[in-house]
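Note sheet for the following structure.
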Amino acid sequence: MPEIETAETIANLRTVTAGAVLENRADLRSYPYRYLAIHSYSMMRGHGVRAVMAAAEVVEQWGWQMVNIMETDKQIYAFMRRVA
């Protein structure tokens, strides 16, 4: 079973994986910062982009807003800001 990404772990890295968000394994309740990056690896046929976008939509329900998205050869990040 994949590990839960705790607020402490996420805060240390300031990133959370898209998979953890989508599988309800990410705990952002006590995340202390205003900005957060959602991360995934690039995959064939755009699966990585879709995972990051879907995870961004999930965290929007928790008060986050997408600021930007970036894709490199191997990784995708959605940069999120907590709405005050």
Side-chain angles (χ1 to χ4, degrees):
M1 177 175 175
E3 244 180 76
I4 292 176
E5 294 184 27
T6 64
E8 182 180 324
T9 302
I10 296 167
N12 286 337
L13 300 173
R14 295 196 186 207
T15 63
V16 63
T17 63
V21 171
L22 295 173
E23 295 167 7
N24 200 25
R25 294 184 291 106
D27 181 6
L28 294 171
R29 290 176 292 182
S30 61
Y31 181 75
Y33 302 112
R34 185 172 181 200
Y35 294 95
L36 172 70
I38 300 172
H39 170 267
S40 183
Y41 291 99
S42 294
M43 296 179 227
M44 293 182 66
R45 299 187 189 134
H47 290 299
V49 171
R50 285 196 295 275
V52 167
M53 296 295 290
E57 288 188 20
V58 168
V59 300
E60 277 185 359
Q61 299 172 43
W62 303 334
W64 294 86
Q65 178 181 39
M66 185 186 296
V67 176
N68 200 356
I69 190 162
M70 177 184 82
E71 182 176 11
T72 66
D73 290 343
K74 297 181 181 180
Q75 300 177 53
I76 302 149
Y77 290 92
F79 299 99
M80 310 297 291
R81 173 180 51 220
R82 190 185 325 235
V83 179

When every non-hydrogen atom of R25 is compared with those of G19, the smallest separation belongs to NH2-C, 3.7 Å
Mind checking side-chain contact (heavy atoms from CB on, under 4.5 Å) for R81 and listing every partner two or more places apart, or none if nothing turns up? R34, Y35, Q65, V67
For Y77, which fellow cluster members are found when Ile, Leu, Val, Met, Phe, Trp and Tyr are connected by side-chain heavy-atom distances below 4.5 angstrom, either directly or through intermediates? M70, F79
Side-chain donor/acceptor pairs under 3.5 Å, residues 4-12, sequence neighbours excluded:
| residue | atom | partner | partner atom | Å |
| --- | --- | --- | --- | --- |
| E5 | OE1 | T17 | N | 3.3 |
| E5 | OE2 | T17 | OG1 | 2.6 |
| T6 | OG1 | T9 | N | 3.1 |
| T6 | OG1 | T9 | OG1 | 2.9 |
| N12 | ND2 | E8 | O | 3.4 |

Qualifying ring-ring contact (aromatic ring centres under 6.0 Å, His included) pairs with a residue from residues 7-31, counting only residues at least two apart or across chains: Y31-Y33, Y31-W64
Distance in Å, L28 CG paired with M80 CE, rounded so as to fall on 0.5 Å steps: 10.0 Å
All N/O donor-acceptor pairs, side-chain side in residues 51-62, below 3.5 Å, sequence neighbours left out:
none

Euclidean distance, T72 OG1 relative to Y41 OH, rounded to 0.5 Å: 10.0 Å
